[in-house]
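In listed order, ligands and their atoms are each counted from 1.
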Amino acid sequence: MSTKYGRVFNFSAGPASLPLPVLEQVRDEMVNYKNSGMSVMEMSHRSKEFDEILANATSVTKELLGIGDQYEVLFLQGGASLQFAMLPMNLYQTGKPVDMIHTGSWSEMAIKELKKGYEMRTVYSGESNKFTQIPSFNEDQFNPSASYAYLCSNNTIEGTQFKSFPKTAAPLIADMSSDFLSRKFDMNQFGVVFAGAQKNVGPSGVCMVIIRKDLAERGDEKLPTMLQYRTHVKAGSRYNTPPAFGIYVAGLVMNWIKTSGGLEALEKTNEMKAKILYDTIDKSGGFYSCPVAKDCRSLMNVVWRVKPNGQANEDMETAMISEAKKSGLIEIKGHRSVGGMRASIYNAMPVEGVQALADFMVQFQKKNG
Ligand SMILES: *Cc1c(COP(=O)(O)O)cnc(C)c1O
């Protein structure tokens with residue numbers, strides 16, 4: 001397969017593909033950003049140029065989400081993983097257990113941090129179905145006086161995704177690391193949404209946190225300064241040196257989303273891409289099998305097993321991974337904790353890449369089925 005610059009189709013779960021036009025722009029601006037005489041990596045985070053980069057990244061985020069000044073957009077470090085600790089630190093209120101929806105490995109990580117000294121109540125756990133299902137929720141399943149309710153919108157490892165979000169009286173918080181800005185959603189339903197950038201939005205090193213202003217003020221002022229949301233709100237994400245290059249690239253990615261038609265257009269494309277793979281799996285007569293219930297299959301991370309005789313065949317899966325690689329289709333191995341196969345098809349994965357993978361899957365079945 002010949003592609004521009006000899007690039008592969010990269011199905012990695014993260015860090016993941018970036019839009020080619022963004023990479024080209026970064027290349028063009030690399031050594032002399034807009035006549036500043038230097039690269040973004042070299043410039044002061046207090047410079048006029050960086051002021052504009054940060055202002056653009058913030059305003060395009062708000063524009064894509066359709067939110068106003070009741071929310072703050074923060075660009076933090078420590079990845080999505082630091083948020084697992086920062087959220088309870090800042091938002092937990094004594095005697096008001098957190099309502100948790102447990103849908104897989106990443107909500108597990110959030111629970112692990114919560115258990116270090118906060119109370120929680122499990123609203124739902126998918127453990128008994130091995131996290132292959134997500135039910136829909138009613139408001140009366142939630143405690144209105146919880147400190148907050150928490151969910152992970154897209155389960156990167158298990159390949160499940162919330163198709164709609166519950167209504168809760170307590171502030172709703174979502175880890176959207178692996179589906180942020182991949183579809184339309186109503187931010188006004190949420191108190192906080194956070195996402196490590198390295199899946200849908202940019203390079204690693206930046207975590208985007210969209211937080212309602214009043215919640216940013218909830219934390220105890222005795223908490224370490226760097227771990228208080230209000231610090232970063234007050235300083236506009238520049239209390240210390242921010243991940244400047246990552247913020248710059250994330251801004252370009254969001255500009256690209258906007259010029260490609262915004263979240264609505266992107267959602268349509270993402271639905272089409274996912275359908276190509278799920279159809280290939282479902283029409284394989286059982287050779288490929290997706291363990292996830294149809295009503296909650298992820299548009300971002302498509303997981304499947306190779307079952308030539310009704311049983312998952314790991315040797316054949318290993319062969320599939322190495323043969324795909326020879327065709328320029330890389331990183332289709334499932335997460336080590338669940339095994340099998342996984343193709344991550346975030347915003348930047350073009351339809352052609354998904355089609356190439358589907359064609360490869362059909363050929364692979366012909367040879368081995
Ligand atoms: C990748 C991922 C994380 C972890 O992100 P880091 O930035 O590496 O800390 C958390 N939650 C979800 C849903 C993820 O996909």
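- Nearest protein neighbour of atom 11 (N) of ligand 1, counting heavy atoms only, is D175 OD2, 2.6 Å.
- Evaluation of the side-chain hydrogen bond (donor to acceptor under 3.5 Å, both in side chains) rule for S260 yields no partner, not counting sequence neighbours.
- Using the six-membered ring where Trp is involved, Y248 and Y33 have ring planes that are perpendicular, over 60° apart on the 30 and 60° scheme.
- Residue contact annotation: Q198 has a non-hydrogen atom under 4.0 Å from ligand 1.
- In C152, the part holding a heavy atom less than 4.0 Å from any atom of ligand 1 is the side chain.
- Under 3.5 Å, the side chains of S182 and N347 contain no donor-acceptor pair of N or O atoms.
- Look at N154 and you'll find a heavy atom under 4.0 Å from some atom of ligand 1.
- If you chain together ILVMFWY residues whose side-chain heavy atoms come under 4.5 Å of each other, Y346 ends up grouped with L299, M300.
- Ligand-side atoms of ligand 1 in range of G79: 7 (O), 9 (O), range being under 4.0 angstrom from any heavy atom.
- Here the side chain of Q189 pairs a donor or acceptor atom with the backbone of F165 at under 3.5 angstrom.
- Of the protein's non-hydrogen atoms, the one nearest atom 9 (O) of ligand 1 is S81 OG, 2.6 Å.
- Between E52 and K34 there is no salt bridge, since no side-chain nitrogen of the basic residue lies less than 4.0 Å from a carboxylate oxygen of the acidic one.
- Of the N or O atoms in A80, one or more lie within a sub-3.5 Å distance of an N or O in ligand 1.
- For ligand 1 and S177, the ligand atoms under 4.0 Å from any heavy atom of the residue are 2 (C), 10 (C), 11 (N), 12 (C), 13 (C), 14 (C), 15 (O).
- Note on ring orientation: taking the six-membered ring where Trp is involved, the planes of F194 and F84 are perpendicular (angle over 60°, cut-offs 30° and 60°).
- Residue-ligand proximity, K199 to ligand 1, at heavy-atom distances under 4.0 Å covers atoms 1 (C), 2 (C), 3 (C), 14 (C), 15 (O).
- Distances from atom 13 (C) of ligand 1 to the heavy atoms of V206, T156, D179 show the closest one on T156.
- Under a 4.0 Å heavy-atom criterion, G14 is not in contact with ligand 1.
- D99 contributes a side-chain N or O that, together with a main-chain N or O of N143, makes up a donor-acceptor pair within less than 3.5 Å.
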